[in-house]
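To keep things clear, I will list the structure first and then write my remarks on it.
The analysis underlying the following values was restricted to heavy atoms, covering all of them including side chains, and did not include hydrogens, waters or symmetry mates. Computed from a prediction, not measured in an experiment: that's the story for all the values here.
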Amino acid sequence: MRERTEKIRQTAKRLLDEKTVDLVLGHRKGTINSRNAPFFAHKPEDVDMLIWDGNCRNNLANFLVHYKDKRVAIVAQGCVSRNVVGLILEQQIKRENVYIIGVPCLGMISPDKVMESAPGEIVELKEDNEQVILKGRDFEITLDRSGLIRDNCNQCTHRNPVLYDELVAGEVKEQEIADRYGDIGNVEAMSAEERSQFIDELLSSCIRCYACRDACPLCYCPECFVDKFNPQWCGKSVDSRDVLSYHIIRAFHTAGRCTECGACEDACPMRIKVRMISSKAEKDIKENYDGYEAWEGLDAQPPLATFKLDDPQPFIK
Amino acid sequence: MMKYKILKKNDLSAFLDALKERYKIWGPRSEGKQIKFAPISDAGLMCLDKFQNSTMSPKNIFFPQSEIMLSFRRSGEDANIYKETENKPSTKAIFGIRPCDARAFFLLDMIFKNDQFTDTYWFSKRDAATLIGLGCNEPCSSCFCTSVDSHPFGEKGLDVLASDLGDRYLLKVLTEKGEKLLGGLSFLDDPKDTDLAEQKALSKKAEDTLSSKISLENIKSKTVLQLYNQDCWSEVNEPCLNCGTCTYVCPTCHCFDIQDEVYRDGGVRIRNWDSCMSWLFTVHATGHNPRPSKKERVRQRFMHKFKYIPVKRAGEIGCVGCGRCVNLCPVNIDIREVVKTMNSAK
């Protein structure tokens with residue numbers, strides 16, 4: 001981690017010094033133990049704030065659309081690099097305006113798993129290679145990092161950036177995952193009533209803050225369908241039908257585009273497993289379109305934006 | 001007025017049972033990954049031991065996220081006429097409200113009432129509730145209540161303050177409502193002098209534990225426009241996602257939007273929490289938006305808490321230091337850091 005941080009800082013400083021880019025989008029250490037913050041280095045002297053560790057869960061590709069007229073360097077692990085590819089292919093940003101500082105990723109830490117492992121409030125979290133040290137006011141425990149990795153990172157098959165201008169470390173071995181969608185399969189196996197109940201419970205604590213949408217690099221619409229008011233498309237209350245509409249329609253919009261970066265779940269203040277819905281859409285895309293996965297390179301052919309005469313369509317009923 | 005009483009923890013069940021005859025009991029409960037204030041049928045359901053504070057602020061008890069104000073039906077005698085929804089809240093005794101959240105109620109009492117109007121939706125529920133606060137023996141590392149006119153054992157907004165003395169609670173009666181709640185309960189003892197001393201020591205210890213301190217001195221002395229025009233806002237807003245998390249988890253945020261929802265057989269007028277972080281919050285019917293970008297929206301939230309409310313409400317600070325937004329902001333915009341920046345900017 002320390003080596004990655006050092007290399008990110010060096011690269012960022014060089015790019016800013018040489019005026020190759022106007023700003024570097026990276027992460028800085030957060031003010032609380034379980035969270036880092038997106039950081040915007042505009043000047044060479046800002047780069048010492050940049051950091052790389054297991055709390056870099058924000059998807060920085062989310063910010064690129066706000067800097068369309070600038071040349072931006074972005075610190076990107078596998079999922080984020082795929083979102084950059086997506087933004088380029090969806091013509092939201094230009095390839096020549098973005099400089100990708102690729103980071104082969106070892107997976108991010110799950111704040112939920114960390115909290116569940118600690119006997120009390122954690123005041124300090126330290127990562128030391130394969131170990132994580134948690135300190136509270138009256139305890140200190142050391143845990144294996146591998147047991148604290150987020151679910152989506154455990155299921156990740158794209159740890160290395162798919163597109164980059166330079167890498168800050170050697171490529172890591174990609175994981176071979178036998179059953180990436182086990183959780184989704186369990187829900188699919190339920191009866192319709194059980195499934196409906198499952199989804200209602202999943203979303204019962206949603207407060208419609210839209211943090212999941214606002215943290216997502218796919219959700220760049222200037223006006224989201226839930227914000228449409230003339231005419232209004234969706235009720236505004238926390239009525240379960242409107243909450244469900246929001247989540248389901250958002251998942252439809254992310255189908256075939258989602259990189260399972262987990263930014264939505266990470267942003268949710270109510271700790272809702274938002275990916276239970278969007279991953280179902282990803283699973284369907286994968287199964288129905290020859291194993292397609294979103295944005296694996298600049299030659300990606302997103303199935304829902306591409307027409308072929310022999311497109312499989314047995315699911316159209 | 002009796003001032004202090006002792007309630008043994010062993011008697012907590014009996015205490016709540018006795019109150020049940022006169023009140024609906026509410027308290028903090030652990031549900032899934034959240035802690036929330038909810039009706040309690042049994043003392044054992046409350047998560048008082050490992051409870052620092054509820055995930056969401058308890059403001060929703062008096063100000064639900066979605067609340068029906070008026071409703072109509074399509075047919076019948078009063079077809080298509082909006083009628084007030086019956087608004088007779090239950091008489092509640094709410095156990096375990098933290099002093100920061102109670103100060104937020106005190107602030108919202110000021111805000112939901114002026115010389116012309118009283119928000120009856122807020123006050124009907126607020127007036128029918130008696131609040132038994134619980135002092136914070138162990139404030140969270142993100143709490144900063146003492147910097148914003150509150151305290152781990154603060155009393156503002158509460159009817160009774162309970163202090164956890166290990167095997168017993170010291171109850172301090174603060175209002176007539178509180179006195180009425182505790183009146184006639186035989187198993188309450190009178191405290192010893194040592195109990196009071198113990199409470200004082202706990203309060204001092206909690207105060208010392210609070211490591212986050214922020215200064216508001218320059219914010220107080222600067223004018224609204226000086227703060228408004230500071231350069232810092234361009235930087236502060238940069239990582240903001242403009243989601244509604246900070247405003248919805250905040251105990252003092254109180255903005256709402258009123259919507260008419262029409263169904264096949266009737267309809268409702270409903271008020272929903274709204275958030276100044278959303279562009280939709282200020283957009284005019286003409287399409288003009290006086291807060292067109294993230295910068296204006298982010299500035300609004302902090303200016304409102306730390307300047308506009310103090311200016312309009314006799315110096316009261318519009319933040320109670322509960323730390324929820326610190327913990328839950330997805331991009332770690334830490335209100336303590338923002339205030340430091342506001343306070344130090346030229």
Side-chain angles (χ1 to χ4, degrees), chain A residues 23 28-40 42 55 57-58 60 62-63 66 112 115-116 119-124 136-137 201 204-205 207-216 222-224 226-230 232 235-239 242 263-264 266-272, chain B residues 31-34 36 50 52 55-56 60 64-68 138-142 209 211-212 235 238-249 257-259 261 268 270-275 277-280 283 285 287 293-294 323-334 336-337:
Chain A
L23 81 151
R28 68 159 169 78
K29 185 119 190 76
T31 58
I32 56 172
N33 65 72
S34 58
R35 197 175 280 291
N36 287 345
F39 181 69
F40 304 75
H42 293 272
N55 276 327
R57 291 182 299 271
N58 282 295
L60 300 177
N62 188 31
F63 295 96
H66 299 301
D112 286 340
M115 255 186 274
E116 282 157 20
E121 193 197 5
I122 302 155
V123 291
E124 197 188 335
R137 282 187 187 129
E201 278 169 24
S204 62
S205 55
I207 53 170
R208 296 190 73 173
C209 64
Y210 303 132
C212 46
R213 172 195 74 184
D214 297 330
C216 176
E223 193 174 348
C224 177
V226 286
D227 290 338
K228 295 257 184 212
F229 58 93
N230 191 19
Q232 190 165 303
K236 299 279 190 181
S237 77
V238 282
D239 183 291
D242 290 322
C264 49
D266 185 55
C268 178
M270 309 307 282
R271 316 308 301 157
I272 297 170
Chain B
E31 280 182 28
K33 287 176 187 163
Q34 281 108 43
K36 53 173 92 165
K50 276 200 105 182
Q52 280 184 307
T55 313
M56 297 286 286
N60 68 316
Q65 179 160 10
S66 297
E67 180 169 31
I68 293 171
E138 283 183 36
C140 317
S141 53
S142 49
T209 314
S211 49
S212 322
E235 199 182 312
E238 215 163 15
C240 180
L241 304 175
N242 264 181
C243 73
T245 299
C246 53
T247 56
Y248 287 177
V249 302
D257 175 37
I258 295 177
Q259 294 261 318
E261 289 194 358
V268 292
I270 188 166
R271 77 168 177 186
N272 300 306
W273 290 354
D274 204 353
S275 168
M277 292 294 111
S278 163
W279 66 275
L280 194 56
V283 72
S293 77
K294 266 198 319 188
R324 286 186 181 88
C325 59
V326 175
N327 287 323
L328 297 173
C329 172
V331 290
N332 187 233
I333 295 179
D334 187 324
R336 297 168 299 182
E337 299 299 314

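- Chain A forms the most heavy-atom pairs under 4.5 Å with one residue out of Ile270(B), Thr209(B), Asp257(B), Thr55(B), and that residue is Thr209(B).
- Neither the backbone nor the side chain of Glu31(B) comes within contact range of chain A; no heavy atom of the residue lies under 4.5 Å from a heavy atom of that chain.
- With a 4.5 Å cut-off on non-hydrogen atoms, Met56(B) touches chain A through its side chain but not through its backbone.
- With a 4.5 angstrom heavy-atom cutoff, Asp242(A) touches chain B only via side-chain atoms.
- Under 4.0 Å is where a charged nitrogen must lie from a carboxylate oxygen, and between Asp112(A) and Lys33(B) at least one such pair does.
- For the pair Asn332(B) (side chain) and Thr31(A) (backbone), a donor-acceptor distance under 3.5 Å is present.
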Inset, instruction - Evaluate the side-chain contact (heavy atoms from CB on, under 4.5 Å) criterion for residues Leu241(B) and Arg213(A): first the C-alpha distance (whole Å), next the side-chain angles of each, then the deciding distance (0.1 Å), finally the verdict. - result: CA-CA 9 Å; Leu241(B) 304 175; Arg213(A) 172 195 74 184; over 6 Å; no

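- Only the side chain of Phe63(A) comes within contact range of chain B, with heavy atoms under 4.5 Å apart.
- Using a 4.5 Å cut-off between heavy atoms, Asp274(B) makes no contact with chain A at all.
- Neither the backbone nor the side chain of Arg57(A) comes within less than 4.5 Å of any heavy atom of chain B.
- For Phe39(A), there are no ring-ring contact (aromatic ring centres under 6.0 Å, His included) partners two or more places apart in sequence or in a different chain.
- Taking a 6.0 Å sphere around CD of Glu138(B), one finds it holds 12 or fewer heavy atoms contributed by other residues, nucleotides or ligands.
- Of the two parts of Arg336(B), only the side chain, counted from C-beta on, holds a non-hydrogen atom closer than 4.5 Å to a non-hydrogen atom of chain A.
- You'll find the side chain of Ser237(A) stays beyond 4.5 Å of the side chain of Gln259(B), heavy atoms only.
- To the nearest 0.5 Å, the span separating OG1 on Thr247(B) from CD1 on Ile207(A) amounts to 8.0 Å.
- Considering CG of Leu328(B) and SG of Cys268(A), their distance stands at 9.5 Å, rounded to 0.5 Å.
- A donor-acceptor pair under 3.5 Å links the side-chain atoms of Arg35(A) to the main chain of Pro330(B), judged by distance alone.
- With a 4.5 angstrom heavy-atom cutoff, Asn58(A) touches chain B only via side-chain atoms.
- Of the two parts of Thr245(B), the backbone and the side chain both hold a non-hydrogen atom closer than 4.5 Å to a non-hydrogen atom of chain A.
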Legend entry - Derivation and outcome, side-chain contact (heavy atoms from CB on, under 4.5 Å), residues Leu280(B) and Lys236(A): CA-CA 12 Å; Leu280(B) 194 56; Lys236(A) 299 279 190 181; 3.3 Å; yes

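- With 3.5 Å as the limit, one finds a donor-acceptor pair spanning the side chains of Glu121(A) and Ser141(B).
- Taking Cys140(B), Ser211(B), Ser142(B) one by one and counting their heavy-atom pairs under 4.5 Å with chain A, the maximum is reached by Cys140(B).
- With a threshold of 4.5 angstrom between heavy atoms, Trp279(B) approaches chain A through side-chain atoms but not through N, CA, C or O.
- Between chain B and the residues Pro269(A), Ala37(A), Ala267(A), Ser204(A), the most heavy-atom pairs under 4.5 angstrom are made by Pro269(A).
- Residue Asn33(A): no heavy atom, backbone or side chain, is found under 4.5 Å from chain B.
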Inset, instruction - Could you walk me through whether Val238(A) and Trp273(B) pass the side-chain contact (heavy atoms from CB on, under 4.5 Å) test, one step at a time? - result: CA-CA 10 Å; Val238(A) 282; Trp273(B) 290 354; over 6 Å; no

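- Annotation: maximal heavy-atom pairing with chain B below 4.5 Å, among His66(A), Arg271(A), Glu201(A), Arg137(A), occurs at Arg137(A).
- Using a 4.5 Å cut-off between heavy atoms, Gln34(B) touches chain A through its side chain atoms alone.
- Contacts of Cys329(B) with chain A are made by backbone atoms alone, with heavy-atom separations under 4.5 Å and no side-chain atom involved.
- Heavy-atom minimum distance, Tyr248(B) versus Arg208(A): CE1-O, 3.5 Å.
- The greatest number of non-hydrogen atom pairs below 4.5 Å with chain A, out of Cys246(B), Ser278(B), Cys243(B), Ala285(B), is found for Cys243(B).
- A donor and an acceptor atom, one from each side chain of His42(A) and Glu235(B), are nowhere located under 3.5 Å apart.
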